[in-house]
Amino acid sequence: MVAAADAQNFAQKLGIIHGLVVQELGWDEDTPDDLRADVEEAIGTELLDEDSDEVIDVVLLWWREDDGDLVDELMEAIGPLADEGFIWVLTPKTGHPGHVDPAEIAEAAPTAGLTQTSAISLGEWAGSRLVQPKAPSKQR
């Protein structure tokens with residue numbers, strides 16, 4: 001029962017609620033099904049894949065050490081992202097295959113025009129929340 005209770009917290013930890021449009025990028029065999037199922041239950045529908053042409057509220061980007069250039073992937077993910085949307089870069093934790101140094105995410109985010117706002121633990125995965133900076137106010 002503890003595992004089920006933990007799974008119910010995944011969507012909540014990610015700030016994902018009913019009605020949000022969530023796109024999943026980078027799915028692979030190592031992606032935790034319980035986390036994915038909890039997010040789908042929270043939003044009330046299936047996760048969208050990279051072929052979607054909808055406006056996206058949240059991107060779940062599963063990212064591993066050998067997946068390529070993170071800046072390029074973030075730039076792609078920003079394209080359909082809503083103004084208030086955000087990206088979770090989900091990486092294996094230290095000691096797990098495919099681990100990504102948090103510094104790599106911290107360096108890639110501003111290059112892609114994003115700001116890192118928080119980091120969380122999701123079982124064997126870690127999440128870094130990235131947002132688009134707000135437009136500067138016109139007042140001086």
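If you read the sequence from its start, that first residue is 1, and numbering goes on from there.
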*Asks:* Are Phe10 and Val21 linked, directly or through other ILVMFWY residues, by side chains that come within less than 4.5 angstrom of each other?
*Replies:* no
*Asks:* Less than 4.5 Å apart, any side-chain heavy atom of Gln23 and any of Leu60?
*Replies:* no
*Asks:* Only one of Ile17, Ile16, Leu81, Ile43 forms a side chain to side chain contact (heavy atoms under 4.5 Å, CB included) with Val58, so which one is it?
*Replies:* Ile16
*Asks:* Is it true that Trp88 and Ile105 fall in one hydrophobic cluster, defined by side-chain heavy atoms closer than 4.5 Å?
*Replies:* no
*Asks:* Between Glu50 (side chain) and Leu25 (backbone), is there a donor-acceptor pair under 3.5 Å?
*Replies:* no
*Asks:* For Ala82, does its backbone N or O pair with a side-chain atom of Gln132 as donor and acceptor, under 3.5 Å?
*Replies:* yes
*Asks:* The test is side chain to side chain contact (heavy atoms under 4.5 Å, CB included); show your working for Ile56 and Val22 and say whether it passes.
*Replies:* CA-CA 6 Å; Ile56 307 297; Val22 181; over 6 Å; no
*Asks:* One pair to check against side chain to side chain donor-acceptor pair (under 3.5 Å): Trp63 and Glu73. What are the steps and the verdict?
*Replies:* CA-CA 9 Å; Trp63 193 257; Glu73 190 65 29; over 6 Å; no
*Asks:* Can you see whether Ser118 engages Arg129 through a side-chain donor-acceptor pair at a distance of less than 3.5 angstrom?
*Replies:* no
*Asks:* Which pairs, with at least one residue in residues 56-72 and sequence neighbours excluded, count as a salt bridge (charged side-chain N to carboxylate O under 4.0 Å, His left out)?
*Replies:* Asp30-Arg64, Arg64-Asp67
*Asks:* Please tell me if the side chains of Trp62 and Pro92 come closer than 4.5 Å, counting only heavy atoms from C-beta onward.
*Replies:* no
*Asks:* Contact between Leu14 and Ile120 at the side-chain level, heavy atoms closer than 4.5 Å - yes or no?
*Replies:* yes
*Asks:* Hey, could you give me each pair passing salt bridge (charged side-chain N to carboxylate O under 4.0 Å, His left out) that has a residue in residues 88-111? Not counting sequence neighbours.
*Replies:* none
*Asks:* For residues Leu130 and Leu122: do they belong to one hydrophobic cluster (side chain heavy atoms under 4.5 Å, members Ile, Leu, Val, Met, Phe, Trp, Tyr)?
*Replies:* no
*Asks:* Just checking Asp83: does its CG atom have more than 12 heavy atoms from other residues, nucleotides or ligands closer to it than 6.0 angstrom?
*Replies:* no
*Asks:* If you round to the nearest 0.5 Å, how far is OG of Ser128 from CG of Leu114?
*Replies:* 11.5 Å
*Asks:* Are the side chains of Val39 and Arg36 in contact, using a 4.5 Å heavy-atom criterion?
*Replies:* no
*Asks:* Is any side-chain heavy atom of Asp49 closer than 4.5 Å to one of Glu24?
*Replies:* no
*Asks:* Quick check on the hydrophobic clustering: are Leu47 and Leu61 connected, directly or via other members, by side-chain heavy-atom contacts under 4.5 Å?
*Replies:* no
*Asks:* Identify the two heavy atoms, one from Thr31 and one from Gly26, that lie closest to each other, and give their separation to 0.1 Å.
*Replies:* OG1-O, 4.3 Å
*Asks:* So which atom in Ser52 and which in Glu54 form the shortest heavy-atom distance, rounded to 0.1 Å?
*Replies:* OG-N, 3.1 Å
*Asks:* For residues Thr115 and Pro133, determine if any side-chain heavy atom of one lies less than 4.5 Å from a side-chain heavy atom of the other.
*Replies:* yes
*Asks:* Please determine whether residues Val89 and Leu48 belong to a single hydrophobic cluster, defined as Ile, Leu, Val, Met, Phe, Trp and Tyr linked transitively by side-chain heavy-atom distances below 4.5 Å.
*Replies:* yes
*Asks:* Would you name the heavy atoms of Gln116 and Ala106 that are closest together and state the gap between them?
*Replies:* OE1-CA, 3.9 Å
